> 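Before we start, here is the structure in question, set down as structure tokens.
As the structure is a prediction and not an experimental result, all values here were calculated from the model.
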Amino acid sequence: MTAKTIAIAADHGGVELKTEIIKSLADSGWEVLDLGTDGSVSVDYPDFAKVVAKSIINGQSERGILVCGSGIGMSIAANRFPEIRAALVHDRLSTELCRQHNNANVLCLGARLLGDATALDCVKAFVTTEFEGGRHERRVEKLSSVTDCFFATRQ
């Protein structure tokens, strides 16, 4: 894996914003793995969340970005994978916190809810903010552990 590779995908509702994000990331020195879609024809967002998740799990990318109309569907779909910590954000602060406290490895954006400037600010925060570790480490480990997950135990 290249140290600075980020996977990105969008459904038809996020393809225009995805294009802007790719330009911004490339200008910042990131290698961008564009996993689709590339047009306005209706597609199913879970398919694109899956390919970005798999690229992280398989070591092809360090992090991922998913864009759909609201960001909600992408975040739900990506979080089906125990190794993925996808965060739906709406501003710079929520982006910084998802990295600092939750070690989010996938950023989810709603193209219909965010302006381009806000979305690009979120992307910049996502790629520059580090995980704080410390007291957050134990909690983040529980997010990826199927045996510790409250869904698995239902206690």
> Are side-chain heavy atoms of L107 and L66 found at a separation under 4.5 Å?
no
> Any side-chain heavy atom of V89 within less than 4.5 Å of one from L109?
yes
> Which residue in the set N103, N102, T95 passes side chain to side chain donor-acceptor pair (under 3.5 Å) when paired with R99?
N103
> Is S24 reaching over with its side chain to a backbone N or O of E20, donor-acceptor style, under 3.5 angstrom?
no
> I need the minimum non-hydrogen distance between T129 and Q100, along with the two atoms involved.
CG2-CG, 3.5 Å
> Within the structure provided, determine whether L25 and I65 are in side-chain contact (heavy-atom separation under 4.5 Å).
yes
> Compare every heavy atom of A77 with every heavy atom of A49, then report the nearest pair and how far apart it is.
CB-CB, 3.6 Å
> Quick one: pull up CZ in R80 and NZ in K50 and give me the separation to the nearest 0.5 Å.
13.5 Å
> Between Q60 and T5, is the side-chain contact (heavy atoms from CB on, under 4.5 Å) condition met? List the steps.
CA-CA 7 Å; Q60 295 171 298; T5 300; over 6 Å; no
> Are L17 and L114 connected into the same hydrophobic cluster when the rule is that any two of I, L, V, M, F, W, Y join if their side-chain heavy atoms are below 4.5 Å apart?
yes
> Minimum heavy-atom separation for C108 to G71, with atom names?
CB-O, 3.8 Å
> Any chance you could measure H101, atom NE2, to F131, atom CZ, to the nearest 0.5 Å?
9.0 Å
> Look up atom CG in L120 and atom NZ in K23, then write down how far apart they are to the nearest 0.5 Å.
10.5 Å
> Heavy atoms only: give me the nearest F48-V43 pair and the separation to one decimal.
CE1-CG2, 3.5 Å
> Looking at side-chain heavy atoms only, is the closest gap between K142 and R139 below 4.5 Å?
no
> Are the charged groups of R138 and E141 less than 4.0 angstrom apart, N to O?
no
> Could you grab the distance from atom CG of D11 to atom OG of S40, nearest 0.5 Å is fine?
11.5 Å
> Are I57 and L33 connected, step by step, through hydrophobic side chains (Ile, Leu, Val, Met, Phe, Trp, Tyr) whose heavy atoms are closer than 4.5 Å?
yes
> Mark yes or no for whether N105, through its side chain, and R85, through its backbone, hold a donor-acceptor pair below 3.5 Å.
yes
> If you define the side chain from C-beta out and look only at heavy atoms, does anything of S28 sit under 4.5 Å from V127?
no
> Under 3.5 Å, is there a donor on one side chain and an acceptor on the other for D91 and S94?
yes
> How close do A53 and I84 get, heavy atom to heavy atom, and via which atoms?
CB-CG1, 3.7 Å
> Do you reckon I22 sits in the same ILVMFWY cluster as V123, going by side-chain contacts under 4.5 Å, direct or chained?
yes
> Any chance you could measure S55, atom OG, to I6, atom CD1, to the nearest 0.5 Å?
9.5 Å
> Would a 4.5 Å heavy-atom cut-off, applied to side chains only, mark I56 and S61 as touching?
yes
> Would you say S75's side chain and I72's backbone share a donor-acceptor pair under 3.5 angstrom?
yes
> Hey, quick one: are W30 and F126 part of the same hydrophobic cluster, counting side-chain heavy atoms closer than 4.5 Å, chains of contacts allowed?
yes
> Roughly how far apart are E137 CD and E132 CD, rounded to 0.5 Å?
11.5 Å
> Looking at T37, is its backbone amide N or carbonyl O close enough to the side chain of K18 to form a donor-acceptor pair, meaning the two atoms are under 3.5 Å apart?
yes
> Find out whether I8 and V52 are in side-chain contact, i.e. whether some heavy atom of one side chain is under 4.5 Å from a heavy atom of the other.
no
> Is there a chain of hydrophobic side chains (I, L, V, M, F, W, Y, each step under 4.5 Å between heavy atoms) that links V51 to Y45?
yes
> Do V67 and M74 come close enough that some side-chain heavy atom pair is under 4.5 Å?
no
